[in-house]
Amino acid sequence: MTTQVTVIGLGPMGAQMARTFLKAGYDVTVWNRTAAKADPLVELGAKRAERPTGDLMVISQLDYQAMYDSLDGVDLDGKVLVNLSSDTPAKLREAAAWVAGRGGVLVTAGIMVPPPGIGEPGSFAFYSGPREVLDRHTATLAALGEVVHVGADEGLAMMYYQSQLYVFWSTLTAYMYSAALLGSAGVKAAEIVPFFQGLVGSLAGDGPMGFLKILTEEIDAGVYPGADNSLRMQAVGMEHALHAFRDAGLETSMPAALKELFARTDREGRGAEGLGAVIESIKNP
Ligand code: NDP
């Protein structure tokens, strides 16, 4: 097991990662573009590096450009870089080739918790890249949370990360629209939250409203039976909802996008199928 780890990037995430490694008893070296951000970590026992260095470098920065800016001219031969920064899947693949061209190995990752959650129960990160390299460092990385390897393709970790975040952002934004709609009639968000807790819980459950599971089976089978809930009925309902937002004087970009997507799937001849048919329009823009 590695006992030495270098943390590169000391924003809220990287600084908390460094503190977590220190607490777990690691020999921690830190580097940040703005050197002063290392001061509180040095006080806690971390070593300050003048240049990024170390056999295992854990990186957490704004994006992958920051990694290029930080590691340009640094000897990466034989080094393992684990980058938990956000960027596009294509940028991650490019970066893996850039690191390999310098004799190192890049493991890419997307961490699914905010700074206070790092290393806490329930914390996890998606990792992609060579499994055997990740395996060598899993015990160390586990200090940050569960290590979930999703495949060799370096872009995959970010695709998993973005898929999770997309559901997080869109679900919570949909809730904000809902709160604003009812708010326009003087209803407080606190009054509606029990209904949304019920809805979100039942969507993820096994009951008659367990649409996450139902939809998943349909998506994997590529068959979307409309049964009692045709897409056309829902496209018309979505149009009514769009008018409700507009009539309440609210911003309508998200409801308008949903309305247009449903209407397009209907125009494409799938109105008699179920909501799941929308994925066919998503796959064929
Ligand atoms: P930021 O995304 O703001 O990243 C800050 C760090 O990036 C600092 O160390 C900063 O250095 C460095 N940086 C930015 N540009 C450069 C550059 N060109 N060259 C060198 N260093 C650079 O803060 P966070 O810590 O919040 O996030 C880090 C990563 O973690 C991001 O990719 C984010 O998407 C991801 N993430 C964040 C979560 C969160 O809740 N905060 C949750 C999950 C993932 P300097 O101090 O010198 O400016």
Side-chain angles (χ1 to χ4, degrees), residues 5-23 28-44 46-54 57-76 79 81-96 98-99 102 104 106-129 141-150 154-173:
V5 59
T6 300
V7 179
I8 296 175
L10 301 173
M13 292 295 279
Q16 185 61 19
M17 288 177 195
R19 279 191 290 271
T20 305
F21 283 127
L22 282 168
K23 229 192 272 171
V28 180
T29 299
V30 289
W31 182 87
N32 192 61
R33 176 180 63 177
T34 308
K37 286 193 189 163
D39 295 349
L41 295 158
V42 169
E43 270 176 40
L44 292 174
K47 292 179 189 141
R48 184 196 310 271
E50 296 307 319
R51 297 275 287 151
T53 180
M57 300 191 227
V58 171
I59 304 170
S60 178
Q61 296 174 310
L62 176 66
D63 55 15
Y64 272 65
Q65 185 56 48
M67 181 191 83
Y68 294 122
D69 293 349
S70 306
L71 299 183
D72 191 30
V74 171
D75 179 12
L76 299 182
K79 312 289 188 211
L81 278 54
V82 179
N83 197 332
L84 297 110
S85 311
S86 170
D87 217 312
T88 69
K91 290 265 175 68
L92 269 60
R93 294 183 188 115
E94 265 171 45
W98 185 85
V99 174
R102 283 156 183 75
L106 176 68
V107 172
T108 51
I111 183 162
M112 298 315 309
V113 285
I118 293 173
E120 296 298 318
S123 166
F124 71 103
F126 296 115
Y127 292 85
S128 58
L141 296 167
L144 305 179
E146 191 188 343
V147 175
V148 182
H149 184 250
V150 290
E154 290 88 358
L156 266 179
M158 206 35 57
M159 290 171 103
Y160 273 79
Y161 170 83
Q162 284 155 351
S163 299
Q164 291 275 114
L165 274 181
Y166 185 71
V167 170
F168 175 83
W169 283 324
S170 58
T171 305
L172 292 180
T173 304

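For ligands, and for the atoms within them, numbers begin at 1 and follow the listed sequence.
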Donor-acceptor under 3.5 Å (Ser128 side chain, Ala157 main chain): yes
Sidechain-backbone polar pair: Asp63 side chain, Ala66 backbone, donor-acceptor under 3.5 Å: yes
Closest protein heavy atom to atom 41 (N) of ligand 1, given as residue, atom name and distance to 0.1 Å: Met13 CG, 3.7 Å
Val113 heavy atom under 4.0 Å from ligand 1: yes
Option among Leu76, Val30, Val74 that satisfies the side-chain contact (heavy atoms from CB on, under 4.5 Å) test with Pro52: Val74
Distance from atom 18 (N) of ligand 1 to nearest protein heavy atom, with residue and atom: Asp69 OD2, 3.0 Å
Per-atom contacts, ligand 1 versus Tyr161 - under 4.0 Å to a heavy atom: 34 (O), 36 (N), 43 (C), 44 (C)
Which residue and heavy atom of the protein sit nearest atom 5 (C) of ligand 1, plus the separation: Gly11 CA, 4.0 Å
Any donor-acceptor N/O pair, Ser123 side chain to Leu144 backbone, under 3.5 Å: yes
Side-chain donor/acceptor of Glu154 to backbone N/O of Glu94, under 3.5 Å: no
Element-labelled atoms of ligand 1 that are located less than 4.0 Å from some non-hydrogen atom of Gly9: 9 (O)
Nearest candidate to atom 34 (O) of ligand 1, where distance is taken over non-hydrogen atoms, out of Ser86, Gly117, Pro115: Ser86
Heteroatom proximity flag, Trp31 to ligand 1, N/O under 3.5 Å: no
Which of the ligand 1 atoms, numbered from 1, are nearer than 4.0 Å to a heavy atom of Pro12: 23 (O), 24 (P), 25 (O), 26 (O)
Residue, atom name and distance, where the atom is the protein heavy atom closest to atom 22 (C) of ligand 1: Ala66 CB, 3.5 Å
For atom 45 (P) of ligand 1, the protein heavy atom that lies nearest, with its residue and separation: Thr34 OG1, 3.4 Å
Atoms of ligand 1, numbered as shown, that sit under 4.0 Å from any heavy atom of Ser60: 28 (C), 29 (C), 30 (O)
Derivation of the side chain to side chain contact (heavy atoms under 4.5 Å, CB included) call for Tyr64 and Thr108: CA-CA 10 Å; Tyr64 272 65; Thr108 51; 3.5 Å; yes
Nitrogen or oxygen of Asn32 less than 3.5 angstrom from that of ligand 1: yes
Under 3.5 Å: donor-acceptor pair, side chain of Thr34, backbone of Lys37: no
side-chain contact (heavy atoms from CB on, under 4.5 Å) partner of Leu92, chosen from Asp87, Asn83, Leu156: Asp87
For atom 2 (O) of ligand 1, the protein heavy atom that lies nearest, with its residue and separation: Leu62 CA, 3.4 Å
Close side-chain approach of Met13 to Ile118, heavy-atom, < 4.5 Å: yes
Ring geometry between Tyr160 and Phe126 (parallel below 30°, tilted from 30 to 60°, perpendicular above 60°): tilted
N/O separation below 3.5 Å, Gln65 to ligand 1: no
Close-contact set for ligand 1 against Leu10 heavy atoms, below 4.0 Å: 9 (O)
Sub-4.0 Å atoms of ligand 1 with respect to non-hydrogen atoms of Lys37: 45 (P), 46 (O), 48 (O)
Gly14 N/O to ligand 1 N/O under 3.5 Å: no
Worked check of side chain to side chain contact (heavy atoms under 4.5 Å, CB included) between Leu71 and Ile59: CA-CA 11 Å; Leu71 299 183; Ile59 304 170; 4.2 Å; yes
Min N/O separation Gln61 to ligand 1 under 3.5 Å: yes
Nearest protein heavy atom with distance in Å, relative to atom 48 (O) of ligand 1: Arg33 NH2, 2.9 Å
Atoms of ligand 1 close to Ser85 [distance to a heavy atom under 4.0 angstrom, numbered from 1]: 32 (O)
Ser60 side chain vs Leu84 backbone, donor-acceptor pair below 3.5 Å: no
For Pro114, the ligand 1 atoms whose distance to one of its heavy atoms is below 4.0 Å: 40 (O)
Residue and atom name of the nearest protein heavy atom (relative to atom 43 (C) of ligand 1), distance in Å to one decimal: Ile111 O, 3.4 Å
Lys23/Arg19 under side chain to side chain contact (heavy atoms under 4.5 Å, CB included): CA gap, chis, key distance, verdict: CA-CA 6 Å; Lys23 229 192 272 171; Arg19 279 191 290 271; 5.7 Å; no
Backbone N/O of Gln61 and side chain of Ser85: donor-acceptor pair under 3.5 Å: yes
